[in-house]
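Since the structure comes first, as structure tokens, the remarks are kept for the end.
In each ligand, atom 1 is the first atom listed, and ligand 1 is the first ligand listed. Keep in mind that what you see is a predicted model, and the values were worked out from it rather than measured.
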Amino acid sequence: MPNILVIHGPNLNMLGKRNQNFYGSRSLEDINNIIERKANEIDFNVDIYQFSSEGDIITKLNEAFNEYDGVIINAGAYTHYSIAIRDAIEILKIPVIEVHLSNIYNRDEFRKKSVISPVCKGQISGFGYVSYLLALEAIKYLLQED
Ligand SMILES: O=C1C[C@@](O)(C(=O)O)C[C@@H](O)[C@@H]1O
């Protein structure tokens, strides 16, 4: 069974309390339950973490080496400036999918730039919690191709 690592970055633990126009009304716990249900359906194992600090995200990405078959990451605001997270993703030899709940291209100018995109397999942005489900599907298809 493929092992998938899901990482939620800073402030995503506050979902439900954050601006619902961008992020929806569901809590992170709700979204994690939906992710787990989808993973079960497609016979994936998912390990889900939320980290507020950059260092914790990097440590987990480093640990993912040889441990996982794919990574789904919503790096939150770090997306826009963390070269350290970018470098940690670049080390991995498995598909890493960048996800965002909101469409980062129709918001503030500073959100339009993702420094992690160039080292990710692809990006899914703007579909609310469904972005994570689409990322699981994407990894499923990518692993079938191998
Ligand atoms: O924290 C977040 C969440 C986000 O990654 C999203 O999921 O839409 C978009 C980021 O710009 C923001 O800082």
(request) Give the residue and atom name of whichever protein heavy atom lies nearest to atom 4 (C) of ligand 1, and the separation in Å to one decimal. (result) His100 ND1, 3.7 Å
(message) I need the nearest protein heavy-atom contact for atom 8 (O) of ligand 1: residue, atom name and distance, please.
(response) Ser102 OG, 2.6 Å
(request) Sort out for me which residue in Ile97, Ile139, Val6, Ile94 forms a side chain to side chain contact (heavy atoms under 4.5 Å, CB included) with Val71. (result) Ile94
(message) Within the 4.5 Å heavy-atom criterion, are Ile31 and Leu101 side-chain neighbours or not?
(response) yes
(request) Distance to 0.1 Å, residue and atom name: give those for the protein heavy atom nearest to atom 10 (C) of ligand 1. (result) His80 NE2, 3.5 Å
(request) Considering the heavy atoms of Arg18, write down every atom of ligand 1 situated less than 4.0 Å from one of them. (result) 1 (O), 2 (C)
(message) Ring-plane angle category for His100 and His80, please: parallel below 30°, perpendicular beyond 60°, tilted otherwise.
(response) parallel
(request) Give a yes/no on ligand 1: does Tyr23 have at least one heavy atom closer than 4.0 angstrom to it? (result) yes
(message) If you take the nearest heavy atom of each of Lys112, Met14, Arg111, which one is closest to atom 13 (O) of ligand 1?
(response) Arg111
(request) Quick one: do Lys113 and Ile104 satisfy side chain to side chain contact (heavy atoms under 4.5 Å, CB included)? Show the steps, please. (result) CA-CA 8 Å; Lys113 168 105 187 136; Ile104 60 171; over 6 Å; no
(message) Whether the Asn3 and Asn45 side chains hold a donor-acceptor pair (N or O, under 3.5 Å, no angle test) is what I'd like checked.
(response) yes
(request) Around atom 6 (C) of ligand 1, find the nearest protein heavy atom and jot down its residue, atom name and distance. (result) Leu101 N, 3.4 Å
(request) With heavy atoms under 4.0 Å as the rule, classify the contact between Phe22 and ligand 1 as side chain, backbone, both or neither. (result) neither
(message) When you compare the side chain of Phe51 with that of His8, does any pair of heavy atoms fall below 4.5 Å?
(response) no
(request) Could you check Thr79 against Glu98 for side chain to side chain donor-acceptor pair (under 3.5 Å), going step by step and ending with a plain yes or no? (result) CA-CA 9 Å; Thr79 303; Glu98 172 186 359; 4.8 Å; no
(request) Could you tell me whether some N/O pair between Ile104 and ligand 1 is separated by less than 3.5 angstrom? (result) no
(message) Is there a polar contact, in the sense of an N or O pair closer than 3.5 Å, between Asn74 and ligand 1?
(response) yes
